[in-house]
Amino acid sequence: MKFNQVVRFLDEVVKHRLELTFKEANTELKPFDFDTDESPLSEFVLKNKLNGHELVVLFIALMPHVLPDYFSKIIGEYLPNGGDFPEFGGVKGKNHRGILPTGETVLFVLAGHDIEERTEISKLF
């Protein structure tokens, strides 16, 4: 699995949630379709039979290590003048300048403000 596939998929998922939040868009998400290869990431995903939500959790967790400014840039697209967006979660690290995602980030991205869905997703933790 190439990491640019991961970035494109996570872009779609995160931007989908932000569009629903800021613009009340009504778009559909496509399932994640990746090329299997012998990479450790592909092997991990296949061996553990990760479902869509589990893939998103994994990809959110990996992103600050691969693209440290990933979440800051995406939030900046929707809040170009800055400002707080506590619903997104995330923290600023002492040794990291970007946004470090938290469980709240995962809950927001996967469930938005839907309490029942958030409760279901929280079982992943």
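Starting from 1, each residue takes its place in the sequence as its number.
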Going by heavy atoms in the side chains, are [X] and [Y] under 4.5 Å from each other?
{"X": "F3", "Y": "V6", "value": "yes"}
{"X": "V13", "Y": "F59", "value": "no"}
{"X": "L62", "Y": "L41", "value": "yes"}

**Asked** Roughly how far, to the nearest 0.5 Å, is CG of L10 from CE of M63?
**Response** 4.5 Å
**Item:** Approximate separation, where rounding is to 0.5 Å, of L58 CG and L124 CG
**Value:** 12.0 Å
**Message:** Checking K2 now: which residues fulfil side chain to side chain donor-acceptor pair (under 3.5 Å) with it, not counting sequence neighbours?
**Reply:** none
Identify the two heavy atoms, one from [X] and one from [Y], that lie closest to each other, and give their separation to 0.1 Å.
{"X": "T105", "Y": "P101", "result": "OG1-CA, 3.5 Å"}
{"X": "D37", "Y": "S42", "result": "OD1-OG, 2.9 Å"}
{"X": "L29", "Y": "E12", "result": "CD2-O, 3.6 Å"}

**Request:** Would you please name every residue forming a salt bridge (charged side-chain N to carboxylate O under 4.0 Å, His left out) with D69, sequence neighbours left out?
**Result:** K73
**Message:** Under 4.5 Å side-chain heavy-atom separation, chaining through any Ile, Leu, Val, Met, Phe, Trp or Tyr, what else clusters with I115? Say none if it is isolated.
**Reply:** none
**Asked** How would you list, by chain and number, every residue that makes a side chain to side chain contact (heavy atoms under 4.5 Å, CB included) with L100, sequence neighbours excluded?
**Response** P64, V91, H96
**Message:** Classify the ring geometry of F22 against Y78: parallel below 30°, tilted from 30° to 60°, perpendicular beyond 60°.
**Reply:** parallel
**Asked** Do the side chain of Y70 and the main chain of D11 share a donor and acceptor less than 3.5 angstrom apart?
**Response** yes
**Fill in**
Residue pairs passing the side chain to side chain donor-acceptor pair (under 3.5 Å) test with at least one member in residues 114-125, sequence neighbours excluded, are E104-R118, E120-K123
**Request:** Would you mind listing every side chain to side chain donor-acceptor pair (under 3.5 Å) that reaches into residues 47-68, with sequence neighbours excluded?
**Result:** none
**Request:** Show your working on side chain to side chain contact (heavy atoms under 4.5 Å, CB included) between F108 and L18 and close with a plain yes or no.
**Result:** CA-CA 9 Å; F108 173 77; L18 291 169; 3.9 Å; yes
**Request:** Report the C-alpha separation of V14 and F88 in whole Å, then their side-chain angles, then the decisive distance to 0.1 Å, and conclude whether the side chain to side chain contact (heavy atoms under 4.5 Å, CB included) test is met.
**Result:** CA-CA 10 Å; V14 173; F88 190 79; 4.2 Å; yes
